[in-house]
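Working notes, structure below.
Residue numbers begin at 1 in each chain, while the letters A, B, ... track the order of the sequences. Please read these numbers as outputs of a predicted model, since none were measured by experiment.
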Amino acid sequence: MSARKTSMTAFLLHSSMAEHCFVKAKAAPAGQKMLFWRCREWYSGDSKNHCRMCQTKGVTTMSDLRVRFAPSPTGYLHVGGARTALFNWLLARHRGGTFILRIEDTDVERSTQESVDAILEGMKWLGLDWDEGPFFQSEYFPLYKEYVQKLVAAGKAYKCYCTAEELDTKRNLAMAEGRKPKYDGTCRDGAVQPENQPYVIRFRAPQGGATSFDDLIKGTITFPNDELDDLIIQRSDGTPTYNFCVVIDDATMQITTVIRGDDHVNNTPRQVQLYEALDFPVPQFAHVPMILGADKARLSKRHGATSVIAYRDMGYLPEALLNYLVRLGWSNGDDEIFSIEEMIDKFDISNVGRSASVFNTEKLNWLNAHYIKNSDPQRLAALLLPHLTTRGVSTLDGPDLAAVVKTLQERAQTLEEMAERALFYYRAPSGYDEAALAKFDKELLLAVFAAVIEKLSASSAADVAAVDALFKEICSENSWKMGQVGQPVRIALSGGTHAPGIGEIVVTLGGEETVRRIRAAREFVAGK
RNA sequence: GUCCCCUUCGUCUAGCCUGGCCCAGGACACCGCCCUUUCACGGCGGCGACACCGGUUCAAAUCCGGUAGGGGACGCCA
């Protein structure tokens, strides 16, 4: 991502791509000659060596690619939105483009500052940094108004006095009769223009024919114009509506590629008409498939946690969530593990799939476990601390938390789980797993505890290997099997059987505390 | 209802453009074995899919047509 400027020729040099990038157009739009398969982009030139989308590392360019993530602040940042943000961010970073954050708060009723904060918090936690913004649509109302007036003046938009109630009634009637519930055009041709009545402004959509666009992910999509009605671009309170604002913003912010959820495909033809009416260049569109719940229905609260921040609080690492999310809909051969750098390096819209995917916590867990295993203990310790604090545990007068983490890294899928497993290091057992203890004779337990106390007190073993050796000695000297020694000691130290290796516990806990706990266990057993 | 989109193991996916290397590969989960002082990690193996029907072809997961199923949209929400 170094060179910030590049000439067009840099885009055009990529001969090795020639054989697989380009494919003859079967039904090319006017003026277009070929379609590049990988990027599904139309090209109007003649050379077979041109492809400005399919660049690999050899052709690093600082492109004029501009993408945006445009959430509406009516809730937290959910995993679906996060993935859309990620795809935008990755493409921008991969191509050296610009990533813009825009808050779509035109709905004054439902937008909240809390939501804005939550979204920004989620973005920051994931490390999805933006180059421009955040911009707030609510600050640009005059701009939208100006363009509305432009359309009205040009006869491309008109005032509509139909009330919400009337429209509602008509819509329900149409639905009931099996017709498509579109605006009937009552005010389109300026029938009655009552004075001092509230009105909305509608876009005068072209009738007849069709509107289509080439989606980078789904290919060409065409809508008959008769399906599209005259959408409202300005409410009766004078505020602009979503479909109008996106167009103005994307155009004025010079967005080149709109990457968004595919629940927006139906809006796209209307927006394309708006671009054309306004004489703006139409950007490229890439509609990414939805993320569904286990029941294949749109992901929602009833499927459990959907908020990115909730995943943080459940003890997931941001890189794990990112890795999971990037593989939802995108792939790079059989690869599963991607560092941020690798994602940036490999990501491209051309490898994004067309079909919806189901959110699967099991796989997220696996990835999270992977990243926990490979993370720096110091960092993990810092991240783990709040999870311990929540449990009322102070680490100040116990073992070093990073040392504790080291013994737990291979044993936890989430930080929550790790915190749970770390508790015993800071709280001597208040009771023991009786069932586990019952597997050993009382005499054996007392003998084992005595032997271990004696050995440990006399030893200066300070690392796992030395302590392990010590226990092997105890075994051979008394003809005990490791299972007869390790398990009782583990129970004495942790209270149960789900714990790290004996050597790890002893070294982490320290000789003194270890002996203290075994003595307590010995007393407990002796008193039975 | 209408329009748009989608359809490979339970799940995420590779392969599909350029048909044969695919009686379909990888990963998660699950099951079994091994390792082992518990819990885990790890290793090995197993189970398991081209939605369906036609067509084209010597040959189809791959090309064409249809059917079914799922999702999305149809708002003075975004």
Side-chain angles (χ1 to χ4, degrees), chain A residues 19-20 22-23 35 37-38 40 70-74 104-107 109-111 160 162-164 167-168 171 174-182 198-202 215 218 221-224 226-229 231-237 239 241-243 245-246 261-269 287 289-290 292 294 296-298 324 327-337 353-367 369 373 408-412 421 436 468 471 475 481-491 494 496-503:
Chain A
E19 33 191 30
H20 69 265
F22 131 90
V23 57
L35 178 75
W37 168 249
R38 288 196 163 272
R40 294 171 190 142
S72 68
T74 52
E104 312 233 311
D105 56 352
T106 52
D107 185 350
E109 299 283 296
R110 300 201 302 157
S111 300
C160 169
C162 298
T163 66
L167 295 171
D168 232 32
R171 189 158 36 236
M175 289 278 246
E177 290 177 355
R179 290 178 290 116
K180 40 193 165 223
K182 52 180 265 191
Y199 61 86
V200 299
I201 294 184
R202 283 183 187 272
D215 193 275
K218 295 175 185 280
I221 300 178
T222 304
F223 287 78
D226 291 340
E227 288 298 323
L228 282 14
D229 59 3
L231 82 159
I232 293 170
I233 57 179
Q234 188 179 97
R235 302 184 182 93
S236 50
D237 65 1
T239 58
T241 58
Y242 163 76
N243 274 111
C245 297
V246 248
D262 76 1
D263 47 336
H264 285 283
V265 288
N266 299 274
N267 291 142
T268 309
H287 288 100
M290 313 241 74
L292 312 174
K296 304 227 174 188
R298 188 183 191 143
Y324 178 69
R327 282 286 291 107
L328 229 43
W330 175 80
S331 63
N332 184 253
D334 286 338
D335 299 346
E336 294 289 352
I337 307 286
R354 295 171 161 84
S355 49
S357 36
V358 173
F359 192 90
N360 178 221
T361 312
E362 302 292 339
K363 189 163 181 182
L364 206 210
N365 285 343
W366 171 70
L367 280 164
K373 267 179 255 169
L408 263 16
Q409 277 179 286
E410 306 240 304
R411 296 175 165 81
R421 283 172 166 261
D468 281 345
F471 274 82
C475 283
K481 287 189 173 169
M482 192 51 111
Q484 295 175 289
V485 178
Q487 198 66 335
V489 172
R490 175 171 296 105
I491 296 167
S494 73
T497 59
H498 291 29
I502 289 297

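When atom types are taken as modelled, the side chain of A:Ser494 and the backbone of A:Arg490 share a donor-acceptor pair closer than 3.5 angstrom. The closest donor-acceptor contact from the side chain of A:Lys182 to the backbone of A:Asp226 lies under 3.5 Å. The closest donor-acceptor contact from the side chain of A:Tyr324 to the backbone of A:Asn360 lies under 3.5 Å. Side-chain atoms of A:Arg421 come within 3.5 Å of backbone atoms of A:Arg411 as a donor-acceptor pair (strictly under, hydrogens ignored). No side-chain donor-acceptor contact under 3.5 Å links A:Thr74 to the backbone of A:Arg110. A donor-acceptor contact shorter than 3.5 Å links the side chain of A:Gln484 to the backbone of A:Lys481.
The shortest heavy-atom contact between A:Arg202 and A:Leu167 is NH2-CD1, 3.4 Å. Taking both residues in full, the closest heavy atoms of A:Val358 and A:Leu328 are given as O-CD1, 4.1 Å, listed atom of the first, atom of the second, then distance. Pairing each heavy atom of A:Ile502 with each of A:Gly486, the nearest pair is CD1-O, 3.3 Å. Nearest approach of A:Gly261 to A:His287, heavy atoms of both residues: O-CD2, 3.5 Å. Minimum heavy-atom separation, A:Asn243 to A:Val246: O-CG2, 3.4 Å. Taking each heavy atom of A:Val200 and A:Arg235 in turn, the nearest pair found is CG1-C, 4.0 Å.
Nucleotides B:A27 and B:G15 have their C1' atoms positioned 15 Å apart, rounded to a whole Å. Look at the P atom in both B:G26 and B:A14: the space between them is 15 Å, to the nearest Å. Nucleotides B:A60 and B:G19 are separated by 6 Å at their C1' atoms, to the nearest Å. Going from the C1' atom of B:C63 to that of B:A59 covers 13 Å, rounded to whole Å. B:A73 sits 29 Å from B:C17 when the C1' atoms are compared, rounded to a whole Å. Spacing between B:C35 and B:G43 at atom P, rounded to whole Å, works out to 16 Å. With P as the reference atom, B:U8 and B:C52 are 11 Å apart, rounded to whole Å. Separation of the C1' atoms belonging to B:A29 and B:C22 is 25 Å when rounded to the nearest angstrom.
Not a single donor-acceptor pair, N or O on each side, falls under 3.5 Å between the base of B:A78 and the side chain of A:Asp105. The base of B:G72 is paired with the side chain of A:Asn266 by a donor and an acceptor separated by under 3.5 Å.
The partner of B:A68, taking Watson-Crick or G-U wobble pairs whose two distances both stay under 3.5 Å, is B:U7. Across all strands shown, nothing is found opposite B:A14 as a Watson-Crick or G-U wobble partner with both distances under 3.5 Å. Using Watson-Crick or G-U wobble geometry with both donor-acceptor distances under 3.5 Å, B:A49 finds no partner in any strand shown. B:C21: no Watson-Crick or G-U partner with both key distances under 3.5 Å is found in any strand. If you check B:U38 for Watson-Crick or wobble pairing at under 3.5 angstrom, you find it has no partner at all. For B:C33, the paired base is B:G43 (Watson-Crick or G-U wobble, both distances below 3.5 Å). The partner of B:G1, taking Watson-Crick or G-U wobble pairs whose two distances both stay under 3.5 Å, is B:C74.
OP1 or OP2 of B:A78 lies within a sub-4.0 Å distance of a side-chain N or O belonging to A:Thr106. For the pair A:Arg235 and B:C77, the criterion of a side-chain N or O lying under 4.0 Å from OP1 or OP2 is met.
Heavy atoms of other residues, nucleotides or ligands lying less than 6.0 angstrom from CD of A:Glu177 number more than 12.
Nucleotide B:G71 holds its P atom 8 Å from the CG atom of A:Leu292, rounded to whole Å. Look at CZ on A:Arg110: it is 13 Å from C1' on B:C76, rounded to the nearest Å. As rounded to whole Å, 9 Å separates atom C1' of B:G71 from atom CE of A:Met290. Computed from coordinates, the A:Tyr242 OH to B:G75 P distance equals 15 Å when rounded to whole Å. Nucleotide B:A27 holds its C1' atom 11 Å from the CG atom of A:Asp335, rounded to whole Å. As rounded to whole Å, 11 Å separates atom C1' of B:C74 from atom NZ of A:Lys180. As a whole-Å value, the separation of A:Asn365 CG from B:A27 P is 18 Å. If you measure from atom CG of A:Leu228 to atom C1' of B:C3, you get 9 Å, rounded to the nearest angstrom.
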Sub-3.5 Å pairs of nitrogen or oxygen atoms, protein against nucleotides 6-11 of chain B:
from  : atom 1 : to       : atom 2 : distance (Å)
B:U11 : OP1    : A:Lys296 : NZ     : 3.0

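Counting any heavy atom pair closer than 4.0 Å across all strands shown, A:Glu104 reaches sugar-phosphate atoms only and no base atom. Among the protein residues, A:His264 comes within range of the nucleic acid bases, having at least one heavy atom under 4.0 Å from a base atom. Residue contacts for A:Thr74: at a heavy-atom cut-off of 4.0 Å it reaches no nucleic acid atom on any strand shown.
Taking the side chain of A:Phe223 as heavy atoms from C-beta on, and the options B:A14, B:A29, B:C3, the nearest nucleotide is B:C3. Across B:A78, B:C4, B:C76, the shortest atom-to-atom separation from the side chain of A:Asn243 is found for B:A78. Comparing atom distances between the A:Met175 side chain and each of B:C74, B:C76, B:G72 picks out B:C74 as nearest. Nearest to the side chain of A:Asn267, among B:C76, B:A78, B:G26, sits B:A78. The side chain of A:Ser236 sits closest to B:C76 out of B:C76, B:G25, B:C3.
Comparing A:Gly333 and A:Thr163 by the nucleotide of RNA chain B whose heavy atom lies nearest to each, the residue mapping closer to the 5' end is A:Gly333.
For B:C41, the glycosidic angle deviates from 0 by 90° or less, giving a syn base.
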*Let me have a per-nucleotide readout for nucleotides 35-43 of chain B, 5' to 3', with B, S or -, counting only protein heavy atoms under 4.0 Å.*
--BBBSSS-
